[in-house]
2 protein chains.
Amino acid sequence: MEKQKIPTRVVPRLSRYYRILREFDDKSWISSRELSVETGFTDTQIRRDFTYFGHFGNRGKGYNVEELKKSLKKILGLDKSWNVMLVGAGNLGKALLGYKGFLEQGFKIVAAFDEDTSKIEKNIAGITVYSMSKLVDIVKEKQIKMAILTVPENVCQEVAEQVVASGVKAIFNFAPKQLKLPVDVKVRHIDMTVEIERLSFMVSRQ
Amino acid sequence: MEKQKIPTRVVPRLSRYYRILREFDDKSWISSRELSVETGFTDTQIRRDFTYFGHFGNRGKGYNVEELKKSLKKILGLDKSWNVMLVGAGNLGKALLGYKGFLEQGFKIVAAFDEDTSKIEKNIAGITVYSMSKLVDIVKEKQIKMAILTVPENVCQEVAEQVVASGVKAIFNFAPKQLKLPVDVKVRHIDMTVEIERLSFMVSRQ
DNA sequence: CAATGTGAAGAAATTCACAGCA
DNA sequence: TGCTGTGAATTTCTTCACATTG
């Protein structure tokens with residue numbers, strides 16, 4: 001059961017269901033139809049998505065909000081908290097240090113790194129900025145398991161390799177560059193240029 | 001030809017091809033095989049993607065870098081420049097005002113808006129922050145065609161509606177909330193929480 | 001030859017249609 | 001009856017295999 005292949009697009013939808021459920025504290029039961037209205041996905045798809053992980057529903061009633069929330073939380077790996085580091089304390093990096101959304105889901109940024117000496121040892125949003133040379137030590141010391149990369153494009157491959165060398169196997173990359181890393185390193189890439197260009201494509205075409 | 005249905009996943013790939021080509025100024029010709037190495041997509045897929053828009057290649061030679069770049073630029077709607085506004089000059093908003101990647105592709109942020117009076121009439125990265133009440137006038141005056149939304153989740157639907165009421169039909173949303181807008185309004189949504197949760201899922205599972 | 005371009009096959013994701021259960 | 005859960009059908013996307021062309 002743990003090994004079953006999950007269609008890739010299921011996961012972001014789970015994340016969205018989970019968010020909606022957090023807004024539904026007043027209800028005890030919710031049907032796939034109601035979730036459909038909230039999320040814009042079809043009710044069939046929602047039920048299908050759940051079947052990859054088990055049987056969460058009650059026929060005739062729907063899903064118990066609390067239970068479903070707990071199940072999704074577990075599936076998404078949000079039942080434990082993550083120590084995270086941020087590498088690259090530029091504009092975007094600083095903004096993310098202050099972003100509440102991560103912490104709320106258990107992603108705790110415990111250290112930041114930058115090579116600019118003027119930033120080092122300073123605090124941003126309560127998080128200390130360290131020199132890159134301390135990366136390995138601090139990863140170990142603070143048990144860091146995930147890295148957010150907000151470094152310039154021209155150094156991101158190199159920085160990613162340093163991160164991987166420190167033992168971190170999960171990278172959240174904001175640089176507009178595809179990383180080439182060992183297959184066991186998990187990477188998510190937010191590429192703002194790609195996204196704005198998709199928008200531009202949509203508008204230009206219609 | 002203009003009306004042919006384009007598979008949704010083709011577009012972000014085009015954007016990636018386009019970026020790679022910009023790094024290949026020294027070469028005059030590039031093959032789908034070479035593009036494949038750079039992008040990680042298969043050569044077949046790359047050729048297939050291009051066929052949706054015409055015949056760009058030369059058998060035996062590959063693609064002319066300059067021509068292909070120009071074609072992709074046109075397809076993605078980057079051959080003209082876009083006047084863009086940013087709504088919500090918080091941490092993330094400020095970071096995006098200073099982001100060079102948008103301007104390079106012709107997305108010019110010409111105004112920012114915020115309801116916090118302490119920010120109004122100030123300059124951030126050379127861009128003036130206006131009161132929300134001026135939105136409609138400035139959209140008209142500056143011919144704004146796209147909006148970047150970096151407002152808190154609890155107001156983003158409302159703000160998005162204001163934006164749409166001003167006549168803007170392209171929205172780039174960073175708030176962790178699905179917008180419900182008329183179908184003719186094009187929306188792209190960057191949802192950082194969804195992305196970090198995908199990462200957490202990947203790591204938790206493997 | 002060295003590459004593109006593309007029908008046809010195959011795989012993946014979604015939706016239909018309905019059986020099954022509280 | 002109201003809803004879930006799921007085989008089967010369908011649609012969408014990707015890859016294979018190869019004909020085609022400079």
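Since the model is a prediction, treat every value here as computed from it, not as a measurement. To find a chain, count down the sequence lines: A is the first, B the second, and so on, and within it residues start at 1.
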**Prompt:** So, is B:Tyr63 close to the C:dG5 phosphate, meaning a side-chain N or O under 4.0 Å from OP1 or OP2?
**Reply:** yes
**Message:** Rounded to whole Å, how long is the line connecting atom NE2 of A:His55 with atom C1' of C:dG20?
**Reply:** 13 Å
**Prompt:** Between atom CZ in A:Phe56 and atom P in C:dC21, what is the gap in whole Å?
**Reply:** 20 Å
**Message:** Would you say A:Asp49 and A:Tyr17 are linked by a side-chain donor-acceptor pair, where the criterion is simply a distance under 3.5 Å?
**Reply:** yes
**Item:** For A:Phe201, all residues meeting ring pair (Phe, Tyr, Trp, His ring centres under 6.0 Å), sequence neighbours excluded
**Value:** none
**Request:** Establish, for the pair A:Arg16 and A:Phe41, whether the NZ or CZ atom is under 6.0 angstrom from the six-membered ring centre and no further than 45 degrees off its axis.
**Result:** no
**Prompt:** Please give, in whole Å, the distance from D:dT4 P to A:Asn64 CG?
**Reply:** 13 Å
**Prompt:** Hey, would you say the A:Tyr63 and A:Phe56 ring centroids sit under 6.0 Å apart?
**Reply:** no
**Prompt:** So, is B:Arg47 near the phosphate of C:dG5, with a side-chain N or O under 4.0 Å from OP1 or OP2?
**Reply:** no
**Message:** What does the B/S/- profile of nucleotides 8-13 of chain D look like, 5' to 3', with a 4.0 Å heavy-atom cutoff to protein?
**Reply:** B----S
**Asked** A:Phe53 has an atom CZ; how far is it from atom P of D:dT6, in whole Å?
**Response** 14 Å
**Message:** Looking only at side-chain N and O atoms, does A:Glu197 offer a donor or acceptor that is under 3.5 Å from a partner on A:Ser200?
**Reply:** no
**Request:** State yes or no: are the ring centers of B:Phe172 and B:Phe174 separated by less than 6.0 Å?
**Result:** yes
**Message:** With a cut-off of less than 4.0 Å, is there a side-chain N or O of A:Thr42 near OP1 or OP2 of C:dT15?
**Reply:** yes
**Request:** Please state how far atom OH in B:Tyr52 lies from atom P in C:dT4, giving the value in whole angstrom units.
**Result:** 17 Å
**Prompt:** So what does A:Phe50 touch, heavy atoms closer than 4.0 Å: a base, only the sugar-phosphate, or nothing?
**Reply:** nothing
**Request:** Please check the phosphate of C:dG5 (OP1 and OP2 only) for any side-chain N or O of B:Thr51 closer than 4.0 Å.
**Result:** no
**Prompt:** Could A:Arg48 and A:Phe50 be counted as a cation-pi pair, given that NZ or CZ must be under 6.0 Å from the ring centre and within 45° of the axis?
**Reply:** no
**Prompt:** Roughly how many Å is it from NZ in A:Lys61 to P in D:dC3, rounded to a whole number?
**Reply:** 12 Å
**Prompt:** Once you round it to whole Å, what is the distance between P of C:dC16 and CG of A:Asp43?
**Reply:** 10 Å
**Request:** Classify the nucleic acid contact of B:Ser31 as base, sugar-phosphate or nothing, counting any heavy atom under 4.0 Å across all strands shown.
**Result:** sugar-phosphate
**Prompt:** Does any donor atom in the side chain of B:Ser32 or B:Arg47 lie under 3.5 Å from an acceptor atom in the other side chain?
**Reply:** yes
**Message:** Tell me the closest heavy-atom pair linking A:Leu181 and A:Val185, and the distance in Å.
**Reply:** CD1-CG1, 4.1 Å
**Asked** Looking at A:Val139, A:Val168, A:Val110, which one forms a side-chain contact (heavy atoms from CB on, under 4.5 Å) with A:Asn83?
**Response** A:Val110
**Request:** Could you tell me the separation between the CG atom of B:Asp49 and the P atom of C:dG5, rounded to a whole number of Å?
**Result:** 12 Å
**Prompt:** To 10°, what angle do the rotation axes through the five end pairs on each side of the helix from C:dC1-D:dG22 to C:dA22-D:dT1 form?
**Reply:** 0°
**Prompt:** So, does the side chain of A:Arg59 form a donor-acceptor pair with the base of D:dT4 at under 3.5 Å?
**Reply:** yes
